[in-house]
Number of protein chains: 2
Amino acid sequence: MTRTIEVVHSTNKKPKPNADNIAFGKYFSDHMFVMDYSEEKGWYDPRIVPYAPITLEPSAMIFHYGQTVFEGLKAYRTPDDRILLFRPEKNFRRLNLSSERISIPAIDEELALVALKKLIEVEKEWVPALEGNSLYIRPFIIATEPNINLTPANSYQFMMILSPVGSYYKEGIKPVGIYVEDEYTRAVKGGTGTAKTAGNYAAAYKAQERATEKGYSQVLWLDGVEKKFIEEVGSMNVFFKVNGEVITPELNGSILEGVTRMSIIELLKDWGVPVIERRISLEEIYQAYDRGELEEAFGTGTAAVISPVGELNWGQRNMVINNREMGELSRKLYDTLTGIQTGKIEDRYNWTVEV
Amino acid sequence: MTRTIEVVHSTNKKPKPNADNIAFGKYFSDHMFVMDYSEEKGWYDPRIVPYAPITLEPSAMIFHYGQTVFEGLKAYRTPDDRILLFRPEKNFRRLNLSSERISIPAIDEELALVALKKLIEVEKEWVPALEGNSLYIRPFIIATEPNINLTPANSYQFMMILSPVGSYYKEGIKPVGIYVEDEYTRAVKGGTGTAKTAGNYAAAYKAQERATEKGYSQVLWLDGVEKKFIEEVGSMNVFFKVNGEVITPELNGSILEGVTRMSIIELLKDWGVPVIERRISLEEIYQAYDRGELEEAFGTGTAAVISPVGELNWGQRNMVINNREMGELSRKLYDTLTGIQTGKIEDRYNWTVEV
């Protein structure tokens with residue numbers, strides 16, 4: 001890595017939000033990482049600069065044709081005051097896979113990691129110390145070319161911004177109610193479901209609105225083809241424990257490959273718990289429930305790590321899972337993963353990267 | 001309409017591009033229309049102002065979750081120097097339908113039309129006089145709230161920008177070669193295919209790249225479920241003339257309802273030409289071809305109006321349609337529609353709106 005990353009320090013430091021009650025996504029630190037792309041230069045001018053607005057032409061392609069990808073990961077402060085990232089190389093890998101799907105040029109993943117570490121170093125005071133809090137990292141790329149011709153852009157900007165976030169479980173972990181969405185579709189094979197790209201997210205709001213109206217926390221997405229097979233829960237991957245075995249939908253071309261998902265599968269394998277990635281029909285889950293074999297269900301993602309499912313509603317059919325309590329395996333996975341992330345448990349997997 | 005639209009005139013007029021050779025989407029006029037939305041005020045402050053960059057926080061929702069919709073229509077200069085819009089109310093209607101799908105608040109369609117007419121009036125010198133040229137109009141809405149929480153935004157901006165464009169057919173109408181895309185999917189029922197939203201467009205670049213590599217102009221999209229039924233061609237609707245009857249895919253929940261499509265159906269009905277909207281399999285088209293009954297095929301959209309298909313390629317199967325010549329009906333539809341749009345033919349349908 002010979003490229004130098006210029007740092008321009010902010011002279012106008014913002015106050016930090018109250019650690020006890022930080023609303024997600026509203027506060028941003030004093031600096032950000034920026035790198036530009038042009039056809040002539042490739043990715044150039046990687047730099048850390050004061051957090052500031054972006055100025056774009058109204059014709060900038062991001063506003064018209066949706067060429068944009070993003071990632072989400074966190075920096076955690078350990079009890080002995082070190083700062084850890086959790087498998088950040090997986091996020092930059094996925095960012096490039098997302099980019100490939102919508103014709104955005106790949107970034108140098110190693111450079112991105114070096115840049116992120118440097119950014120966090122500059123912003124180390126923004127990594128919260130309070131248990132459960134963390135510094136959320138949002139890398140993203142936007143097409144900036146001012147041109148409304150329908151073609152991949154020839155200029156882009158890659159940015160990383162940082163947002164301190166509170167605990168996802170301020171009042172303890174409470175299993176959530178999930179509503180099975182059978183009208184709206186999140187993604188389909190051949191579409192963009194495997195890419196973390198903006199269009200997938202706005203498309204999910206209508207279904208979420210309906211779930212909220214009906215008193216549920218999230219939707220369970222079925223496949224877009226037969227509307228029979230389980231894909232994701234909200235913006236999380238999903239796991240079920242049935243008769244001692246853990247199952248999760250296979251990476252079928254429409255599911256996002258979560259870093260938490262990947263880590264859970266690796267943990268379970270290491271623990272000798274049977275875990276299988278395969279196609280799972282909703283009917284199968286209901287049958288397991290009727291037989292009394294559905295032991296646990298949980299969503300997985302960067303924000304919640306593990307989000308236990310206490311209820312699953314599909315029209316007239318309703319399941320209450322594990323008496324609406326967090327299951328033993330869900331708890332063990334949560335404690336282990338968050339323990340490793342925050343440096344409270346030894347990281348035998350080399351997942352964490354110290355800043 | 002009691003709301004007044006403030007006009008701030010530009011003091012710095014740009015030169016107009018050379019009318020003989022205008023690249024699509026690169027030139028923009030001196031003014032634009034802007035209107036803001038907040039939860040408290042609703043849509044407010046409609047105004048025509050000098051064309052200028054947009055400044056947004058890096059956390060603005062448009063950059064992360066894709067809440068954005070757009071439209072495309074044109075203003076034409078008639079031989080007797082009037083300026084006409086073609087069914088603009090249909091575009092604003094569709095803009096609101098698109099917005100509804102991704103949880104953007106509706107605009108006042110009447111106000112939008114008043115604003116557009118006023119904007120074109122201010123920019124009347126930007127409506128090209130050269131035959132075939134026109135002024136492309138791009139209305140669009142973006143989510144502006146600075147917040148990366150995954151939820152619909154509470155602030156938006158609606159804009160209309162204007163771009164002079166050259167003739168789509170500078171060298172005469174030449175039927176194009178189309179490649180059947182059977183891996184990538186444009187849209188699926190329950191997704192966002194019926195909405196004109198950014199995410200749908202970047203998602204189509206990979207397929208277009210492949211078509212280009214193989215020497216074809218556009219892709220033909222199949223349905224995302226069975227990969228058997230015809231949906232669209234590139235970003236156009238598609239029609240086939242089989243044994244004297246015109247068929248086009250029905251509005252099935254994944255196809256965009258084109259204003260040109262709608263107008264063609266109305267014209268054909270008025271002319272007494274049988275026209276049917278229904279599910280159409282690709283296999284059926286190949287069989288009609290083999291029987292010698294496939295007479296014409298064409299895409300329809302605002303840019304090209306009619307784009308005749310001269311060749312359709314599906315792996316080993318290839319069809320050359322009407323000897324790669326523009327069909328008689330395609331020609332009549334093109335001449336009639338462009339004639340009405342440019343005021344050369346009497347508008348018996350009340351489709352045009354004079355500025």
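To find a chain, count down the sequence lines: A is the first, B the second, and so on, and within it residues start at 1.
Using a 4.5 Å heavy-atom threshold, the side chains of F140(A) and I148(B) count as separate.
Heavy atoms closer than 4.5 Å to chain B are found in the side chain of I142(A), but not in its backbone. The part of A52(A) that comes within reach of chain B is its backbone (N, CA, C, O), which places non-hydrogen atoms under 4.5 angstrom from that chain. For chain A, no part of M61(B) is nearby; none of its heavy atoms comes within less than 4.5 Å. Proximity to chain A is limited to the side chain of F28(B), based on heavy atoms less than 4.5 angstrom apart. Using a 4.5 Å cut-off between heavy atoms, A303(B) does not touch chain A at all.
Ranked by non-hydrogen atom pairs under 4.5 Å with chain B, the options A187(A), A23(A), G25(A), G234(A) are led by G25(A). Contacts with chain B were tallied for G191(A), G190(A), G72(A), G199(A); G190(A) has the most, counting heavy-atom pairs under 4.5 Å. Ranked by non-hydrogen atom pairs under 4.5 Å with chain B, the options I54(A), I102(A), V225(A) are led by I54(A). In terms of heavy-atom pairs under 4.5 angstrom with chain B, the leader among P152(A), P53(A), A143(A) is P152(A).
Looking at every heavy atom in both residues, I161(B) comes nearest to P58(A) through CG2-CB, 3.9 Å. Taking both residues in full, the closest heavy atoms of A198(A) and G66(B) are given as CB-N, 3.2 Å, listed atom of the first, atom of the second, then distance.
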Every donor-acceptor pair from chain A to chain B under 3.5 Å, please, each on its own line.
unit_1: G25(A); atom_1: O; unit_2: I148(B); atom_2: N; d: 3.1
unit_1: I54(A); atom_1: N; unit_2: L56(B); atom_2: O; d: 2.7
unit_1: I54(A); atom_1: O; unit_2: L56(B); atom_2: N; d: 2.9
unit_1: T55(A); atom_1: OG1; unit_2: T55(B); atom_2: OG1; d: 3.1
unit_1: L56(A); atom_1: N; unit_2: I54(B); atom_2: O; d: 2.9
unit_1: L56(A); atom_1: O; unit_2: I54(B); atom_2: N; d: 2.7
unit_1: F63(A); atom_1: O; unit_2: T68(B); atom_2: OG1; d: 3.4
unit_1: H64(A); atom_1: ND1; unit_2: R138(B); atom_2: NH1; d: 3.0
unit_1: Y65(A); atom_1: O; unit_2: A202(B); atom_2: N; d: 2.9
unit_1: Y65(A); atom_1: OH; unit_2: R138(B); atom_2: NH1; d: 3.2
unit_1: Y65(A); atom_1: OH; unit_2: R138(B); atom_2: NH2; d: 3.0
unit_1: T68(A); atom_1: OG1; unit_2: F63(B); atom_2: O; d: 3.4
unit_1: E100(A); atom_1: OE2; unit_2: K206(B); atom_2: NZ; d: 2.8
unit_1: R101(A); atom_1: NH1; unit_2: A203(B); atom_2: O; d: 3.1
unit_1: R101(A); atom_1: NH2; unit_2: A203(B); atom_2: O; d: 3.2
unit_1: S103(A); atom_1: OG; unit_2: E209(B); atom_2: OE2; d: 2.7
unit_1: R138(A); atom_1: NH1; unit_2: H64(B); atom_2: ND1; d: 3.0
unit_1: R138(A); atom_1: NH1; unit_2: Y65(B); atom_2: OH; d: 3.2
unit_1: R138(A); atom_1: NH2; unit_2: Y65(B); atom_2: OH; d: 3.0
unit_1: I148(A); atom_1: N; unit_2: G25(B); atom_2: O; d: 3.1
unit_1: T151(A); atom_1: N; unit_2: Y205(B); atom_2: OH; d: 3.4
unit_1: T151(A); atom_1: O; unit_2: Y205(B); atom_2: OH; d: 3.3
unit_1: T185(A); atom_1: N; unit_2: G190(B); atom_2: O; d: 2.8
unit_1: T185(A); atom_1: OG1; unit_2: K189(B); atom_2: O; d: 2.8
unit_1: K189(A); atom_1: O; unit_2: T185(B); atom_2: OG1; d: 2.8
unit_1: G190(A); atom_1: O; unit_2: T185(B); atom_2: N; d: 2.8
unit_1: A202(A); atom_1: N; unit_2: Y65(B); atom_2: O; d: 2.9
unit_1: A203(A); atom_1: O; unit_2: R101(B); atom_2: NH1; d: 3.1
unit_1: A203(A); atom_1: O; unit_2: R101(B); atom_2: NH2; d: 3.3
unit_1: Y205(A); atom_1: OH; unit_2: T151(B); atom_2: N; d: 3.4
unit_1: Y205(A); atom_1: OH; unit_2: T151(B); atom_2: O; d: 3.3
unit_1: K206(A); atom_1: NZ; unit_2: E100(B); atom_2: OE2; d: 2.8
unit_1: E209(A); atom_1: OE2; unit_2: S103(B); atom_2: OG; d: 2.8

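Contacts classified as salt bridge (Lys or Arg N to Asp or Glu O under 4.0 Å) and involving residues 149-158 of chain B (residues at least two apart or in different chains) are not found.
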